[in-house]
Every structure is written in C-alpha cells, then in structure tokens.
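Just below is one structure, and these are the notes that go with it.
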Amino acid sequence: MADRYLHLTGTAPGRFLTRRLGLPQPAPLRRWTLETPHLDGPLLHLTAGASAVTGVAEALRTSGLTVTERADRPAAIVLDATGVATAAGLGGVHAALHPVVRSLAPGGRIVVLGTMPSPDDHHQAAAQQALEGFVRSLGKEIGRGSTVQLVRIPVARIPGGASAHAAGSTLRFLLSPRSAYVSGQVIELTSAAPDSGSDPAPITDPAAPLTGRTALVTGAARGIGAAVASVLARDGARVIALDVPGAREELERTADRLGATALPLDITAPDAADRIAAAAPDGLGILVHNAGITRDRRLANMPADRWASVIEVNLDSVLRTTDELLKAGTITRGGRIVATASIAGIAGNTGQTNYAASKAGIIGLVRSLGPRAAADHGVTVNAVAPGFIETKMTAAVPLFIREAGRRMNSLSQGGLPVDVAEAVAWFAQPDSTAVNGQVLRVCGQSLLGA
Ligand SMILES: NC(=O)c1ccc[n+]([C@@H]2O[C@H](COP(=O)([O-])OP(=O)(O)OC[C@H]3O[C@@H](n4cnc5c(N)ncnc54)[C@H](O)[C@@H]3O)[C@@H](O)[C@H]2O)c1
C-alpha cells in the first residue's frame with residue numbers, strides 16, 4: 001500500500017498545501033545503496049568536557065566518513081559526552097551542539113556517546129540519564145529526516161579504554177544510511193567479550209562481512225523476513241529461508257532470487273529444531289526469529305485458540321527452538337540470535353493483548369538470555385522492535401489507523417522492511433560482540449510507547 005501522502009508532500013503544490021494546513025512534512029529518507037553506501041558529507045567530532053574513553057576517533061574513522069573538528073555542513077555529528085558527570089557538565093552538551101545543530105545536512109545523524117548511569121554516584125547518574133531525555137527530545141525536533149541516538153559505552157570496566165573499539169559496528173550502522181528509520185534510541189554496549197578465546201574470523205571483506213556464516217531466517221517468504229534474508233545475503237551470508245509449507249511457492253521464489261535455500265517448515269512443529277539443525281549441518285552463525293502472526297480481538301471477545309496461536313508462533317516456538325539449538329550446539333560460537341519484538345510489546349495496543357504479550361515476552365527473553373548465552377555459548381541475543389513497517393500485515397490495517405501509524409513518529413512516515421533488515425544485519429556483524437541483550441526499536445521514534 002503506497003504512501004501517497006509522502007509522495008504528495010514531495011511535490012511543490014503538495015508541500016505548499018500541507019504546510020498551510022499545518023500537516024506533517026515527512027522528508028524522503030535516503031537508504032543504503034551500492035552506489036551511495038555512506039552519508040554525503042563529513043563527520044563532526046565534538047566533546048563535552050573531557051572524554052572518559054579512548055579510541056573514539058579511531059572508531060569513528062571506520063564509518064567511512066571524513067572525521068573533522070570543524071565543518072560548515074556536516075552529514076553527522078558525534079558528541080562524546082562520556083565524561084559528563086555533573087549537572088553543570090551538561091552545559092558542555094549545550095555549548096557543543098547549540099552552535100552547529102542547524103548546520104546538519106538533511107538526513108543527517110547525531111550520535112551522543114555516554115556511559116552507564118552509576119549506581120554509586122547519583123550526580124553522575126543524573127547527568128548521564130539527562131542525556132537520554134536530551135536525545136529523545138532532539139530526535140523529535142530535529143526534522144528533515146535526521147536522526148539522533150545515544151550510545152552508552154561501559155567506561156569503567158574496560159581496561160585501557162578499549163571500549164570505543166567495541167562501539168565500532170554500532171557507530172558504522174548509526175552513522176550510515178542503513179539506520180534511516182532508527183531515531184531516539186538508547187543503545188547500551190556491554191563490556192563482556194562473549195567470543196574471547198574463539199573469536200569469529202575477522203572481517204576480511206568489508207563489503208561482505210558475513211561471508212562464511214550460515215543464517216536461518218524464519219517467516220522469510222515475504223515482508224520483513226524476505227528483506228532480512230536479502231540483506232544478510234547481500235552481506236555475504238549463506239541463507240536458509242524458512243516459512244510455512246502453505247507459503248512454499250512464495251518462499252521458493254524469494255529463495256531463488258537470493259540464491260538461498262528454501263526450508264518449508266512450520267516453526268511450531270515439535271521437530272522444528274531438529275529439522276533446522278539437519279538443514280544446517282555445519283551449524284548456524286545467525287538465527288533470526290522473524291515469523292509472526294496477529295489474531296486481533298479485544299480480550300472480552302478473544303477465544304482461547306486466538307490467544308494460544310499467537311503465543312505459540314510469536315513466543316513459545318522462539319523459546320523452544322532457541323533452547324534446543326543452543327543446547328545442541330547448532331548455533332556456533334560467535335553466533336548471533338536476533339528475535340522480533342514490536343512496539344506493541346512496549347506500549348500495548350487495543351485488540352492486541354495476545355500479540356503484545358507475545359512481543360513483550362520476546363523482550364524478556366532477550367534481556368535474560370543475552371548475558372547467559374554469551375557466557376555459556378559465546379552467542380549474543382538481541383531483538384528488533386519494529387514500529388509501523390509497510391508490509392502486508394500493516395496494509396490490512398483500517399485506513400485511519402494506518403494513516404495514524406504512519407504519521408505518529410518523528411519521521412512522519414512508515415518504515416520499510418529493509419529498515420528492520422539493516423538493524424538485524426548490524427546485530428549479526430562479527431564485530432557486534434558488545435551488542436547483547438538489546439532491543440532496538442526501528443520505528444522512526446514512534447510516539448507510541450516512546
Ligand atoms: N509489519 C509491521 O509493521 C510489524 C511491526 C512490528 C512487528 N512486526 C513483526 O515482524 C515480523 C514480520 O512481520 P511482517 O509484517 O513481515 O509479517 P508478514 O505477515 O508479511 O510475514 C510473516 C511471515 O511469517 C510466516 N509465518 C507465520 N507463521 C509461521 C510459522 N508458524 N512458521 C513459519 N513461518 C510462519 C508467514 O507465512 C509470513 O511469510 C513479525 O514477527 C511481526 O510480528 C511487524
């Protein structure tokens with residue numbers, strides 16, 4: 001279902017009319033293409049007070065942008081606020097960004113680097129938590145398709161200031177067109193190194209960082225799952241695309257297009273994990289739980305079977321197959337598990353008690369299992385929480401609710417399946433080891449559940 005309003009505001013008369021009426025002005029988002037893999041302009045590197053980490057400049061250089069301390073029209077601004085530890089220190093945030101925020105190019109990126117609020121120092125905790133309110137507010141006011149995020153780097157526990165190095169894949173993602181529909185987010189990096197001793201092979205080909213890895217994507221026949229399969233294949237992974245036997249034709253078409261293997265299988269089947277393991281005899285480096293269904297009704301009208309089927313597909317089968325594949329060692333060390341939550345699981349939604357419960361359950365799973373899977377198996381566990389994404393699922397939503405879903409976010413438009421897929425690919429990067437137990441909302445900073 002095409003977004004005609006976005007098209008209308010892209011024309012001069014449409015822009016004039018909608019501005020006069022005070023209606024939202026969505027800016028067209030520039031996404032990754034082979035020809036334009038980077039943002040168009042330099043990266044301005046600023047500091048608020050003294051930095052508490054080393055290696056930030058080196059990590060920024062991996063973004064592919066020219067890093068500078070002065071620029072007339074930066075495509076990105078990174079503010080290192082890791083050293084801000086007092087209320088007075090917050091003045092440095094204003095002093096750094098106030099003079100330059102207006103010069104940010106359209107579709108630009110602002111990333112604030114902070115650290116974890118301390119449980120032992122309430123002044124530091126107040127100052128670092130303040131950055132979250134700052135980032136979320138700036139995301140709402142910046143406009144023109146630009147985005148703003150906070151990345152928390154664990155300063156104290158990493159010896160020798162190696163922490164900025166751990167932020168490399170995250171900065172590469174956030175400072176690129178791949179994160180076009182991600183805004184107002186807080187990402188906390190861990191200091192644990194789950195792969196130590198058996199690190200995955202270093203990235204030999206930056207254009208295909210997932211080379212040598214096998215990825216299984218559930219619900220891959222269409223929609224977000226097909227986009228995930230496509231982006232992982234683009235990044236070099238060998239892809240196994242799984243979907244229900246009833247979607248076999250569509251699945252095979254998708255798989256053929258990507259050079260992937262089709263695995264027609266209902267993920268709720270009792271032997272699903274065994275069948276997945278059999279399809280990946282050399283193990284899985286990446287497991288993406290994307291299959292999902294909705295069976296909406298208000299609770300008072302919801303029969304038990306609608307409740308049960310949503311919990312079964314969206315949550316129970318994810319728990320079961322994850323447990324079995326980890327236990328069997330099918331997910332190899334250095335592996336990545338990515339599940340799919342939803343902003344409905346954060347904010348709740350009328351008629352979706354079953355769906356929201358299943359998606360909130362995914363968030364619980366990721367936060368609990370992430371640290372343990374890292375310690376026990378050398379595997380990270382993260383989730384994407386999509387907002388309004390243009391797919392068959394949302395095309396079925398009634399017109400007015402659909403329009404509200406599209407506009408009620410900082411970017412005033414719906415996201416595309418590829419936006420979710422790019423976030424999954426970031427989690428899957430070999431050097432995303434410090435990204436664990438995270439739930440990234442890909443929602444254009446939706447006002448729902450914000
Ligand atoms: N579209 C959105 O706006 C949105 C928002 C938030 C979360 N999500 C989540 O993203 C995921 C993908 O959503 P989508 O919009 O692409 O949906 P979709 O309905 O277009 O695709 C889902 C796919 O999962 C498959 N599937 C369903 N049950 C299965 C089972 N038992 N075994 C194997 N495959 C199964 C379907 O056949 C389908 O191909 C879902 O988990 C959904 O809940 C979507």
Side-chain angles (χ1 to χ4, degrees), residues 1 3 181 216-231 240-255 262-273 275-276 279 287-296 308-318 320-321 338-349 352 354-363 365-366 383-397 401-402 404-406 408-409 413-421 423-424 439-444 446 448-449:
M1 191 71 54
D3 184 348
Y181 198 59
L216 182 126
V217 184
T218 71
R222 66 179 201 197
I224 294 172
V228 171
S230 169
V231 167
I240 303 171
L242 178 153
D243 212 300
V244 286
R248 181 190 284 262
E249 264 184 37
E250 201 174 8
L251 177 66
E252 283 175 353
R253 269 201 307 275
T254 303
L263 179 59
L265 173 65
D266 188 324
I267 196 69
T268 65
D271 62 345
R275 304 253 320 263
I276 290 172
L287 171 62
V288 184
H289 294 290
N290 162 81
I293 58 169
T294 51
R295 296 286 181 271
D296 297 356
S309 58
V310 168
I311 299 291
E312 172 73 358
V313 175
N314 296 3
L315 180 59
D316 206 16
S317 69
V318 176
R320 219 175 31 243
T321 48
V338 185
T340 308
S342 164
I343 58 165
I346 297 168
N349 202 13
Q352 291 201 315
N354 52 355
Y355 183 75
S358 73
K359 295 302 188 179
I362 290 293
I363 296 173
L365 172 146
V366 159
V384 282
F388 184 99
I389 305 295
E390 306 279 357
T391 66
K392 275 195 178 162
M393 197 183 250
T394 47
V397 172
I401 302 178
R402 190 167 67 231
R406 274 180 177 146
M408 284 172 64
N409 58 72
Q413 59 196 291
L416 300 181
V418 71
D419 297 326
V420 182
V424 171
V439 178
L440 184 79
R441 292 171 49 150
V442 183
C443 66
S446 170
L448 304 172

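Every number for a ligand or one of its atoms is a count from 1 in the order of the listing. It should be emphasised that the depicted structure is a prediction, and the values quoted were computed from it without experimental measurement.
Closest protein heavy atom to atom 35 (C) of ligand 1: A291 CB, 3.6 Å. Looking from atom 21 (O) of ligand 1 to the surrounding protein, the closest heavy atom is R222 NE, 3.5 Å. Scanning all protein heavy atoms for the shortest distance to atom 11 (C) of ligand 1 gives N290 O, 3.1 Å. The closest protein non-hydrogen atom to atom 9 (C) of ligand 1 is T340 CG2, 3.6 Å. Protein heavy atom in closest approach to atom 7 (C) of ligand 1: Y355 OH, 3.3 Å. Atom 17 (O) of ligand 1 has M393 CE, 3.8 Å as its closest protein atom, hydrogens excluded (heavy atom only). G219 CA, 3.4 Å is the protein heavy atom nearest to atom 24 (O) of ligand 1.
Of the options I389, V318, I224, the smallest heavy-atom separation from atom 44 (C) of ligand 1 is shown by I224. Nearest-heavy-atom check against atom 4 (C) of ligand 1 across G387, S358, P417 picks out G387. Comparing heavy-atom distances from atom 30 (C) of ligand 1 across I362, V310, V244, N314 singles out V244 as nearest. For atom 22 (C) of ligand 1, the choice among G292, G223, S309, G414 with the nearest heavy atom turns out to be G292.
Using modelled atom types and a 3.5 Å distance limit, the side chains of N314 and S358 yield a donor-acceptor pair.
Every side chain to side chain contact (heavy atoms under 4.5 Å, CB included) that A262 has, sequence neighbours left out, goes to L251, E252, A255.
Proximity of V338 to L287: side-chain heavy atoms (C-beta onward) are nowhere separated by under 4.5 Å. Between V217 and I240, the closest side-chain pair of non-hydrogen atoms is not below 4.5 Å. Residues E312 and R320 have side chains in contact (heavy-atom distance under 4.5 Å, counting atoms from C-beta outward).
For ligand 1, one of its N or O atoms has an N or O atom of I267 under 3.5 Å away. Backbone and side-chain nitrogen or oxygen atoms of K359 are examined, and one is located within less than 3.5 angstrom of a nitrogen or oxygen of ligand 1.
A distance-only check finds a donor-acceptor pair linking the side chain of Y181 to the backbone of G415 [under 3.5 Å]. The backbone N or O of D296 lies less than 3.5 Å from no partner atom in the side chain of T294, so there is not a single donor-acceptor pair. At least one donor-acceptor pair under 3.5 Å links the side chain of N409 to the backbone N or O of Q413. Between the T394 side chain and the T391 main chain, a donor and an acceptor come within less than 3.5 Å of each other. In this structure, the side chain of T218 engages the main chain of A291 through a donor-acceptor pair within 3.5 Å. A donor-acceptor pair is defined here as one N or O able to donate and one able to accept, closer than 3.5 Å; no such pair exists between the side chain of N290 and the backbone of T340.
For the atom pair CG of D3 and CZ of R406, the computed distance is 4.5 Å after rounding to the nearest 0.5 Å. Note that OG1 of T321 is 4.5 Å distant from CD1 of I267, once rounded to the nearest 0.5 Å.
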Could you tabulate the donor-acceptor pairs under 3.5 Å formed by side-chain atoms of residues 220-227, not counting sequence neighbours?
none

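Heavy atoms of V420 stay at 4.0 angstrom or farther from ligand 1. Between D243 and ligand 1 there is a heavy-atom distance shorter than 4.0 Å. Not a single heavy atom of A226 lies less than 4.0 angstrom from ligand 1.
With a heavy-atom cut-off of 4.0 Å, T218 does not touch ligand 1 at all. Under 4.0 angstrom from ligand 1, the non-hydrogen atoms of L265 all belong to its backbone. At a heavy-atom distance under 4.0 Å, only side-chain atoms of T394, from C-beta outward, approach ligand 1. Looking at T391 against ligand 1, only its side chain comes within 4.0 Å, counting heavy atoms. At a heavy-atom cutoff of 4.0 Å, ligand 1 is contacted by no atom of A344, backbone or side chain. Counting heavy atoms closer than 4.0 Å to ligand 1, residue D266 contributes atoms from both its backbone and its side chain.
Contact atoms of ligand 1 toward I293: 27 (C), 28 (N) (distance under 4.0 Å to a heavy atom of the residue). Less than 4.0 angstrom separates some heavy atom of A341 from each of these atoms of ligand 1: 7 (C). Here is the list of ligand 1 atoms found below 4.0 Å of a heavy atom in L242: 33 (C).
With salt bridges taken as basic N to acidic carboxylate O contacts below 4.0 Å, none links R402 and E390.
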